[in-house]
Amino acid sequence: MKNRKLKNAELPRKTVEEFKSSEKTPVIVVLDNVRSLNNIGSVFRTSDAFLIEKIYLCGITATPPHKDIQKTALGSTGTVAWEHVEDTLALVEQLKEEGIKVLAIEQAEASVFLDEFEVEKEQRYAVVFGNEVKGVQQEVVSAADTVVEIPQIGTKHSLNISVSTGVVLWDLFSKKRN
């Protein structure tokens, strides 16, 4: 049979212990007041797929355990390190002090398109994704080292946060590997 689909049992999956001890992709995800529990779960699942270092859940962003997060996370809340922090701006300032470059994922003046963003191989990054309606808080955008925008040429100029996370994490992951 040509191009036979693999069964779940045939996929090379890490155990939880192997995941936790694996070298992580030097990327941190920051969720700034994300309200959808399903989106939060999707971010966990995507972060697991790309061995992301950590997720910060900020402000009103809900935390595990919650059945609606678990529904889309599929157990990845037990693999990906996470922490709740009340103040996104304070977290961004702390990360910058630690030498981590902060990227706000937003549409803004002087933003850099994702496909044109050049990754420094040894640099750790934090990517900030915002609220489904209001986006990343302006004060957080202003504090970021760089604003990165996903190019969009349709009529909506808006992607769901879980889709945006998938696009950005895949891009950073693939650039870090090459």
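Between I52 and K24 the shortest heavy-atom distance is O-CD, 4.1 Å. G59 and H84 make their closest contact through O-NE2, 3.0 Å (heavy atoms, listed as atom of the first residue, atom of the second, distance). Heavy-atom minimum distance, Q123 versus G99: NE2-O, 2.8 Å. For T88 against C58, the heavy-atom pair with the smallest separation is OG1-CB, 3.0 Å. Looking at every heavy atom in both residues, V16 comes nearest to G78 through CG1-O, 3.9 Å. A pairwise comparison of heavy atoms in V30 and A126 identifies CG2-CB, 4.4 Å as the closest pair.
Interatomic distance, CG of L74 versus CD1 of I69, reported as 13.0 Å (0.5 Å rounding). Note that NZ of K134 and CG of N33 are 8.5 Å apart. Values are rounded to the nearest 0.5 Å. The CD atom of E53 lies 6.5 Å from the CD1 atom of I100; values are rounded to the nearest 0.5 Å. Here the straight-line distance linking atom CG of L51 with atom NZ of K20 works out to 13.0 Å at 0.5 Å rounding. Note that the CG atom of D32 and the CG atom of N131 stand 7.5 Å from one another [nearest 0.5 Å]. Atom OG1 in T77 sits 10.5 Å away from atom CG in L57 (nearest 0.5 Å).
At a threshold of 4.5 Å between non-hydrogen side-chain atoms, the residues I28 and Y56 count as touching. The side-chain heavy atoms of I150 and S164, taken from C-beta on, include a pair separated by under 4.5 Å. Under the 4.5 Å side-chain criterion, counting only non-hydrogen atoms from C-beta, V29 is in contact with L31. Contact annotation: the side chain of L11 approaches that of N8 to within less than 4.5 Å [non-hydrogen atoms, C-beta and beyond]. Taking 4.5 Å as the limit, some side-chain heavy atom of I40 sits within range of a side-chain heavy atom of L37. Inter-residue side-chain proximity for E149 and L114 is flagged as unmet; no heavy-atom pair is nearer than 4.5 Å. Side-chain contact between T165 and S42: absent, with no pair of heavy atoms (C-beta onward) separated by less than 4.5 Å. Side-chain contact between I161 and V34 is present, with heavy atoms from C-beta onward closer than 4.5 Å.
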Checklist entry - Can you check side-chain contact (heavy atoms from CB on, under 4.5 Å) on L169 and S47, steps first, answer last? => result CA-CA 8 Å; L169 293 184; S47 296; 3.9 Å; yes
Next on the checklist: For S36 and N38: C-alpha separation, side-chain torsions, deciding distance, then whether side-chain hydrogen bond (donor to acceptor under 3.5 Å, both in side chains) applies.
Outcome noted: CA-CA 5 Å; S36 165; N38 290 325; 4.9 Å; no
Item to check | Criterion salt bridge (charged side-chain N to carboxylate O under 4.0 Å, His left out) on K175 and E120, from CA distance to verdict | outcome: CA-CA 9 Å; K175 287 174 180 174; E120 299 170 51; over 6 Å; no
Next on the checklist: For K101 and R124: C-alpha separation, side-chain torsions, deciding distance, then whether side-chain contact (heavy atoms from CB on, under 4.5 Å) applies.
Outcome noted: CA-CA 6 Å; K101 285 202 176 167; R124 288 173 67 206; over 6 Å; no
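Atom CD of E18 is surrounded by more than 12 heavy atoms from other residues, nucleotides or ligands within 6.0 Å.
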Hey, can you pull the donor-acceptor pairs under 3.5 Å for the side chains in residues 103-110, sequence neighbours left out?
unit_1: E106; atom_1: OE1; unit_2: V136; atom_2: N; d: 2.8
unit_1: Q107; atom_1: NE2; unit_2: H157; atom_2: O; d: 3.0

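Following chains of ILVMFWY side-chain contacts shorter than 4.5 Å, one cannot reach L159 starting from F113, and the two form parts of different hydrophobic clusters. Under the 4.5 Å side-chain heavy-atom criterion for Ile, Leu, Val, Met, Phe, Trp and Tyr, V112 and V168 are members of the same hydrophobic cluster. Cluster annotation: V163 is connected to F50 through the hydrophobic network of ILVMFWY side chains, with a link wherever side-chain heavy atoms come within less than 4.5 Å. V102 and V148 sit in two unconnected hydrophobic clusters of ILVMFWY residues. Membership requires side-chain heavy atoms under 4.5 Å apart, directly or through other members. Under the 4.5 Å side-chain heavy-atom criterion for grouping Ile, Leu, Val, Met, Phe, Trp and Tyr, V127 is not connected to V85 through any hydrophobic cluster.
Of the possible polar contacts, one joining the K96 side chain to the A143 backbone as a donor-acceptor pair under 3.5 Å is found. Judged by distance alone, the side chain of E132 and the main-chain N or O of N160 form no donor-acceptor pair under 3.5 Å. Not a single donor-acceptor pair under 3.5 Å links the side chain of R45 to the backbone N or O of S76.
Residues satisfying the ring-ring contact (aromatic ring centres under 6.0 Å, His included) criterion with Y125, sequence neighbours excluded, are F117.
Between W82 and F44, the ring planes are perpendicular. Angles over 60° get that label, and only those under 30° would be called parallel.
With D48 as reference, V80 is the one residue of V80, I55, V43 to meet the side-chain contact (heavy atoms from CB on, under 4.5 Å) rule.
Counting only N and O atoms by type, the side chains of S21 and E17 include no donor and acceptor under 3.5 Å apart.
Between E10 and R4 there is a salt bridge, since a side-chain N of the basic residue sits under 4.0 Å from a carboxylate O of the acidic one.
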